[in-house]
Amino acid sequence: MRIFDPHIHMTSRTTDDYERMAAAGVRALVEPAFWLGQPRTSVGSFTDYFDSLVGWEPFRASQFGIRHHCTIALNPKEANDPRCRDVLQVLPRYLEKDGVVAVGEIGYDSMTPEEDEVFAAQLALAVEHDLPAMVHTPHRDKARGTDRTIAVVRESGIDPGRVVVDHLNEVTVARVAESGCWMGFSIYPDTKMTPSRMVAILQEHGLDRVLVNSAADWGRSDPLLTLRTGEAMLAAGFSDDDVDRVLWRNPVEFYGQSKRLDVSDLASVDATFEGNSILRGGS
Ligand SMILES: [Zn+2]
């Protein structure tokens, strides 16, 4: 199984995780810029973080044979802090960098007027820089948050085929499918969305425009839940080709729209990688 994790916060993970991911077949990933737990109080804290997403973290990933890409944005939570607002001014220079494959995570946390303004401004940046957009949906009041997200995406004029709306569940998937946006699912160990629930959604909605990720952030999470979802798909009767489509070709197609994704050389190494069986037996 070759895996492209389209949304994983490696900054919060250890080298042990990189090692286990490589053994599980993870060959490439996208790390979206997000909050860091402790609130940031100045623009400089953001630029240091963005620099690590385009510099240090890709180097760390490369030591495990994993291709690292990122998305850059002012996240919805910190959009509410006036001390962080000038981050919008430094974004254009990061959005021109090679490893940056989308504007994100943008969207809503608490659905405040500040978040409205920052979300719309960053969708405009995505259009201007000809990049896809990676949109986070709130974990509270998800249905209303998702409806409002779709409305703002529509107003922005960005092609919905260049937008992924993430952290979906059974309640929100249909409205995003209908909008023409890509559907993102973050799989967690025991909350929000699990591999078996994900399989049921794939059975009902099909494999088109679906991205599955392990998020793996500061909360309780597991960077191998992409693999576990692939295994659950196979157990439910999906083919190897179906799994490859969801866990590899779909993220390549979506982030390939940035024209900055270079994973063509990675496709061939899959056959030599037999780490899956070790993990199945050993953990
Ligand atoms: Zn995230």
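For the numbers below, each heavy atom of this structure counts, side chains included, while hydrogens, waters and symmetry mates do not. Atoms within each ligand, like the ligands themselves, are counted from 1 in listed order. What you see is a predicted model; the values in this text were computed from it and never measured.
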Considering only N, O or S atoms of E105, the one closest to the Zn ion (ligand 1) = OE2
message = Report whether any nitrogen, oxygen or sulfur of H136 sits less than 2.8 Å from the Zn ion (ligand 1) (N, O or S, backbone or side chain).
response = no
query = Would you call the rings of Y255 and F4 parallel, tilted or perpendicular, where under 30° means parallel and over 60° means perpendicular?
reply = parallel
Whether F59 and W56 hold their rings parallel, tilted or perpendicular, with breakpoints at 30° and 60° = tilted
key: Backbone or side-chain N/O/S of H7 under 2.8 Å of the Zn ion (ligand 1)   = yes
task = Assess the side chains of D109 and N80: does a donor N or O sit below 3.5 Å from an acceptor N or O?
result = no
note = Paired with H9, the side-chain hydrogen bond (donor to acceptor under 3.5 Å, both in side chains) test is passed by just one of E31, E57, E105, namely E105
